[in-house]
Amino acid sequence: MTEYGDLEKQARERISAAVDLPALEALRVEYLGKQGSVSGLLKSLGTMSPDERQAKAPAIQALRDAVSGALAERKEAMEASVLEGRPATETLDLTLPAPETPRGTVHPVSQVMDELAEIFADLGFSVATGPEIEDEWHNFSALNMPESHPARAMHDTFYFPDQMAVGGRKMLLRTHTSPVQIRSMMAHGAPLRIIAPGRVYRSDSDATHTPMFHQVEGLVIDRDIHLGHLKWTLETFLRAFFEKDDLVLRLRPSYFPFTEPSVEADVGFALVDGKRVLGGSGDAPGHGWMELLGSGLVNRRVIEMAGLDPDQWQGFAFGVGVDRLAMLKYGMDDLRAFFDGDVRWLRHYGFSFLDQPTLSAGVGARA
Ligand code: DAH
């Protein structure tokens with residue numbers, strides 16, 4: 001025992017009795033801090049004569065090492081016991097329900113677009129896209145829509161100011177997905193099988209029209225394409241989409257500038273308790289026909305304008321409202337609610353992100 005033996009003993013006792021880290025820190029300051037007692041002894045070495053210093057230094061330094069060693073040891077032990085102590089004192093009830101985390105849903109429009117991609121991928125179509133800010137050549141002229149066509153009027157179409165024209169072409173918000181036909185033919189040539197889902201814009205707003213809505217365009221370009229290919233493809237697509245094997249399609253003559261001949265496709269439905277249920281011929285008693293989409297064989301002038309030889313390549317095209325398909329399949333009745341962003345509506349009509357449409361499981365997996 002040196003002459004600091006008592007001091008060391010007392011320090012060790014107090015350190016081992018310290019109950020927590022703050023108490024330990026207070027002891028560290030008391031002994032080794034700037035004003036600490038051990039620090040004071042160390043400082044006093046400076047005032048001693050060389051002989052005295054040589055005599056006392058080893059004991060004082062040993063005291064300092066002993067105290068700081070004891071502090072470090074105790075601190076380590078405390079930290080370890082905090083970790084070990086938690087499992088001993090805390091309990092975890094695994095039978096409690098997990099805390100709820102907010103979870104989003106997939107919007108029916110996105111879901112239906114995924115379903116369409118799945119169905120058409122199976123038929124060898126790829127998904128094409130085009131810009132929503134389009135020029136009037138791709139949106140109208142190349143689709144054989146003359147200057148006098150009513151859709152080109154200011155009150156139907158959102159135009160950008162004239163100063164924003166690019167290469168002499170006025171810019172606009174595309175009014176349909178049909179310009180993707182032109183862009184795809186020009187970019188990839190023939191043969192071609194694409195669908196082009198996306199947003200379109202028209203100056204229109206009421207219960208069944210919103211200024212922005214969604215369409216999907218279909219285009220097949222190949223040799224010797226005829227209306228039979230069109231009808232089979234539409235029927236196959238609609239039967240898979242609505243999951244109705246008895247869906248009947250009726251093609252009715254119509255007119256679109258970009259197709260010749262043009263047809264509108266109707267599907268048969270039955271009235272059941274005042275509700276329209278798709279399936280069966282619309283001509284049967286108690287049944288009717290519902291207009292669903294526009295289509296036709298691609299006008300040879302359109303094929304030509306897209307840079308292909310219409311004597312070699314023919315095709316069919318169709319365009320259909322995605323929102324309308326969603327409403328018919330999943331039973332919503334007000335189109336405006338699609339774009340209100342009301343969380344209650346989204347929870348009710350939305351889909352789980354795990355509900356990936358697959359052909360084998362049925363493309364409307366939730367049903
Ligand atoms: N683009 C037309 C529209 O927005 C829909 C349409 C009709 C697209 C016939 C087509 C088609 O590809 O062949 O009303």
Side-chain angles (χ1 to χ4, degrees), residues 116 120 123 125 127-132 134-146 149-153 156-158 172-186 190 192-204 208-222 225-235 237-238 249-267 290-306 308 310 313-325 335:
L116 295 172
F120 278 103
L123 298 175
F125 286 63
V127 173
T129 55
E132 288 170 36
E134 210 15 306
D135 62 61
E136 63 176 342
W137 187 80
H138 286 93
N139 195 83
F140 294 129
S141 310
L143 289 161
N144 195 36
M145 293 172 87
H149 196 280
R152 296 185 78 140
D156 279 332
T157 299
F158 295 113
L172 46 81
L173 292 177
R174 69 178 181 189
T175 61
H176 49 179
T177 43
S178 303
V180 185
Q181 289 189 29
I182 306 297
R183 290 186 176 275
S184 297
M185 281 189 270
M186 295 182 89
L192 193 66
R193 283 185 217 177
I194 54 124
I195 58 164
R199 295 189 191 98
V200 301
Y201 303 83
R202 286 180 203 173
S203 183
D204 219 352
T208 51
H209 299 89
T210 49
M212 185 278 305
F213 59 104
H214 300 82
Q215 288 188 330
V216 61
E217 193 79 14
L219 174 69
V220 168
I221 299 286
D222 214 321
I225 292 292
H226 54 72
L227 277 176
H229 297 119
L230 168 64
K231 185 165 193 225
W232 181 88
T233 305
L234 289 179
E235 203 166 68
F237 142 51
L238 292 169
L249 203 66
R250 182 181 73 173
L251 298 186
R252 192 162 36 81
S254 183
Y255 172 77
F256 301 104
F258 31 89
T259 45
E260 178 59 34
S262 302
V263 293
E264 252 162 293
D266 304 332
V267 284
M290 187 190 312
E291 182 185 319
L292 198 59
L293 55 80
S295 66
L297 297 185
V298 182
N299 192 309
R300 54 182 289 125
R301 296 166 80 165
V302 172
I303 293 178
E304 216 162 38
M305 263 180 293
L308 297 175
W313 301 105
Q314 297 78 43
F316 68 78
F318 58 88
V320 54
V322 173
D323 316 286
R324 189 162 147 68
L325 287 177
L335 177 64

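Read the numbers this way: they start at 1 and go in the same order the structure lists the ligands and their atoms.
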Give the intermediate values and the outcome of side-chain contact (heavy atoms from CB on, under 4.5 Å) for residues H176 and L143. CA-CA 11 Å; H176 49 179; L143 289 161; 3.6 Å; yes
R152 vs T157, test: side-chain contact (heavy atoms from CB on, under 4.5 Å). Steps then yes/no. CA-CA 6 Å; R152 296 185 78 140; T157 299; 5.9 Å; no
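The neighbour count for R250 CZ, taken as heavy atoms of other residues, nucleotides or ligands under 6.0 Å away, is above 12.
Contact atoms of ligand 1 toward G296: 13 (O) (distance under 4.0 Å to a heavy atom of the residue). Near Q215, meaning under 4.0 Å from one of its heavy atoms, ligand 1 places the atoms 3 (C), 4 (O). Of all atoms in ligand 1, listed by their number and element, those nearer than 4.0 Å to a heavy atom of F318 are 8 (C), 10 (C), 11 (C), 12 (O), 13 (O). Close approach of ligand 1 to Q181 (heavy-atom distance below 4.0 Å) involves ligand atoms 12 (O). Those atoms of ligand 1 with a heavy atom of A317 less than 4.0 angstrom away are 12 (O), 13 (O). Heavy-atom proximity to S178, at under 4.0 Å, picks out these atoms of ligand 1: 1 (N), 8 (C). Atoms of ligand 1 lying under 4.0 Å from any heavy atom of T259, numbered from 1 in the order shown and given with element: 13 (O).
With respect to atom 2 (C) of ligand 1, the closest heavy atom belonging to the protein is F258 CZ, 3.8 Å. Among all protein heavy atoms, the one lying closest to atom 5 (C) of ligand 1 is G319 CA, 4.1 Å.
Counting only heavy atoms from C-beta outward, the side chains of H149 and F140 never approach each other to under 4.5 Å.
Checking each of V298, N299, T259 against N144 for a side-chain contact (heavy atoms from CB on, under 4.5 Å) leaves exactly one that passes, namely N299.
For the pair E291 and R252, the salt-bridge criterion is met [side-chain N within less than 4.0 Å of a carboxylate O].
Across E260, E217, M145, R202, heavy-atom proximity to atom 3 (C) of ligand 1 is greatest for R202.
When all heavy atoms of Q181 and G218 are compared, the closest pair comes out as NE2-O, 4.5 Å.
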